[in-house]
K.L.:
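The structure follows.
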Amino acid sequence: MAGKVSISAYQAMWYQVGIVLATAILFVPAIVAADARQDAWLSLVPAYLFGSLQVYVATRLAQRFPGETVVQYAPRVAGRVPGKLIAFVYVFYFFFVGYFVQQEFAALMASGYMPLTPPVVFMLVLAGLAAYAAYGGLEVICRVNTLVLSVALAALVIVFLLVVKDIKIWRFLPVLENGPEPVVLGALPPGGWFGETAVILMLYPFIADKEKAVRAGLLAVFLLFLAMELVVVSSLGLEGPLEAARFLFPTFNVVRRIRLEALPILERQDAVFMMIWVAAMMVKLTTFFFAAVLGLAQWAGARDHRTLILPAAAVMTALAVQAWKNIPELFAFSSEVFPLTIIFVNFFCTVLVLALAVARGIAGSPAGRGGERG
């Protein structure tokens with residue numbers, strides 16, 4: 001048996017950035033603009049503050065049990081039966097995000113690039129890649145994520161620089177035309193997506209330099225805030241709030257709008273951007289799939305989480321196939337239900353477990369009792 005897997009706090013930070021950015025850049029401009037209109041860029045400010053609170057609470061909870069995941073210590077904190085129920089909520093949440101990512105990936109590929117290919121094919125391909133990466137272990141996923149995210153962030157900055165000349169300031173006016181209520185309402189979906197950084201509850205036992213985890217988590221949310229602002233500002237400035245809200249995938253439309261007469265080779269780079277996004281989606285699915293399988297193994301008392309990878313991948317794909325009937329239904333779910341689900345698990349459940357742990361004076365030993373062994 002090899003030694004316990006170890007990653008750095010900043011590798012975990014890149015995880016936190018990657019898993020949110022992969023899906024948020026697709027839907028955030030349209031969802032936020034639908035509520036906040038030209039003030040959509042302002043909605044990201046309260047969303048950022050709420051996201052910072054969520055990752056701070058999650059990391060503080062994880063620090064009380066440095067060698068265990070939330071699935072392992074929840075039964076001790078809340079009592080065996082309630083704790084097992086809370087732990088199962090986390091496990092199901094990880095699977096839930098996983099099959100949501102599969103459906104989202106299939107929706108874009110089938111609608112925008114390969115309409116004649118059955119969506120289930122894309123789901124199976126993504127699930128197969130996630131299962132293969134999960135067998136490789138956390139360190140392998142971490143290296144791939146660092147590479148993919150570096151390219152993705154660089155691509156976002158380059159796209160913004162290429163379209164900034166076409167952004168119209170008047171599309172952002174008048175500021176707060178309808179008061180602060182639409183801004184707050186528009187902040188809920190991105191605030192929920194920021195909460196996905198609470199996956200630190202499953203990654204924390206594997207972090208070597210745990211004293212840096214809080215700072216790294218807050219930095220992750222800040223980087224996400226900047227990246228989302230680039231996407232939202234580009235969408236609003238190029239298309240206006242009504243058009244940004246109408247498109248299902250406004251970010252890809254922004255990439256298609258790149259026009260450079262001096263360098264025509266840089267035009268219509270949506271295929272390149274799509275390849276980067278596909279890699280990011282694979283990393284996101286793999287991260288949540290790994291957390292789900294590891295959590296399920298710990299919840300059920302299995303010795304090796306790898307024995308559950310193939311059955312779990314099959315169940316997750318089956319759920320993805322039947323979950324949403326069409327893209328409008330998926331889009332409505334993304335804006336109305338999904339963010340609230342994330343907030344319930346990553347914030348309210350986490351606050352509950354932390355409050356119980358503090359009230360009962362329960363904490364874990366530094367070594368803990370769990371961890372992945374390769």
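Since we're looking at a predicted model, the values are computed, not measured.
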K.L.:
Quick one, Leu285 with Met316, criterion side-chain contact (heavy atoms from CB on, under 4.5 Å). Give me CA distance, side-chain angles, the key distance, then yes/no.
P.N.:
CA-CA 11 Å; Leu285 177 60; Met316 183 176 67; 3.8 Å; yes
K.L.:
Could you pull out the closest heavy-atom pair between Pro182 and Ala36, with the gap in Å?
P.N.:
O-CB, 3.7 Å
K.L.:
Between Phe95 and Phe289, what is the ring plane arrangement, given parallel below 30°, perpendicular above 60°, and tilted in between?
P.N.:
perpendicular
K.L.:
Could you check whether any side-chain N or O of Gln322 sits under 3.5 Å from a backbone N or O of Leu319, counting only pairs where one atom can act as donor and the other as acceptor?
P.N.:
yes
K.L.:
Can you tell me which residue pairs pass the salt bridge (Lys or Arg N to Asp or Glu O under 4.0 Å) test with a partner in residues 273-291, sequence neighbours excluded?
P.N.:
Glu196-Lys284
K.L.:
When you measure from the side chain of Asn346 to the backbone of Gly195, do you find a donor-acceptor pair of N or O atoms at a distance under 3.5 Å?
P.N.:
yes
K.L.:
When rounded to the nearest 0.5 angstrom, what is the spacing between CD in Gln63 and CD1 in Ile200?
P.N.:
9.5 Å
K.L.:
Can you check whether Leu156 reaches Leu21 side chain to side chain, under 4.5 Å on heavy atoms?
P.N.:
yes
K.L.:
Which residues pass the ring pair (Phe, Tyr, Trp, His ring centres under 6.0 Å) test with Phe96, sequence neighbours left out?
P.N.:
Tyr99, Phe333, Phe338
K.L.:
Closest heavy-atom contact between Val183 and Ser43?
P.N.:
O-OG, 2.8 Å
K.L.:
After noting the C-alpha distance and the side-chain angles of Leu44 and Val232, does the key distance pass the side-chain contact (heavy atoms from CB on, under 4.5 Å) rule?
P.N.:
CA-CA 9 Å; Leu44 294 179; Val232 170; 3.9 Å; yes
K.L.:
Considering residues at least two apart in sequence or located in another chain, which fulfil the ring pair (Phe, Tyr, Trp, His ring centres under 6.0 Å) criterion with Phe160?
P.N.:
none
K.L.:
Can you pull out every salt bridge (Lys or Arg N to Asp or Glu O under 4.0 Å) where at least one residue sits in residues 288-301? Sequence neighbours excluded, please.
P.N.:
none
K.L.:
Out of curiosity, Leu223 CG to Gln16 CD, how far, rounded to the nearest 0.5 Å?
P.N.:
10.5 Å
K.L.:
Just verifying a value: how many Å separate Thr69 OG1 and Trp299 CH2, rounded to the nearest 0.5 Å?
P.N.:
13.5 Å
K.L.:
For the residue pair Tyr10 and Thr146, confirm or rule out a side-chain donor-acceptor distance under 3.5 Å.
P.N.:
no
K.L.:
Provide the closest heavy-atom pair for Leu236 versus Ala33 in the form atom of the first, atom of the second, distance.
P.N.:
CD2-CB, 4.2 Å
K.L.:
Is there side-chain contact between Leu49 and Phe194, with at least one heavy-atom pair below 4.5 Å?
P.N.:
no
K.L.:
Considering all heavy atoms of both residues, which atom of Val345 and which atom of Tyr90 are nearest to each other, and what is their separation?
P.N.:
O-OH, 3.6 Å
K.L.:
Please determine whether side-chain contact (heavy atoms from CB on, under 4.5 Å) holds for the pair Phe347 and Ile342, giving the CA-CA distance in whole Å, both sets of side-chain angles, and the decisive distance to 0.1 Å.
P.N.:
CA-CA 8 Å; Phe347 183 66; Ile342 301 174; over 6 Å; no
K.L.:
Which pairs count as side chain to side chain donor-acceptor pair (under 3.5 Å) when at least one residue sits in residues 172-189, sequence neighbours excluded?
P.N.:
Gln38-Glu177
K.L.:
Applying ring pair (Phe, Tyr, Trp, His ring centres under 6.0 Å), name anything that partners Phe344, two or more places apart in sequence or on another chain.
P.N.:
none
K.L.:
Between Val353 and Leu201, is the side-chain contact (heavy atoms from CB on, under 4.5 Å) condition met? List the steps.
P.N.:
CA-CA 11 Å; Val353 176; Leu201 292 168; over 6 Å; no
K.L.:
Any idea which heavy atoms bring Val175 and Asp39 closest together, and the distance?
P.N.:
CA-OD1, 3.5 Å
K.L.:
Take Thr197 and Gln54 through the side-chain hydrogen bond (donor to acceptor under 3.5 Å, both in side chains) test and state the conclusion after the steps.
P.N.:
CA-CA 8 Å; Thr197 52; Gln54 292 179 87; over 6 Å; no
K.L.:
State, yes or no, whether a side-chain contact exists between Leu129 and Thr286 at a heavy-atom distance under 4.5 Å.
P.N.:
no
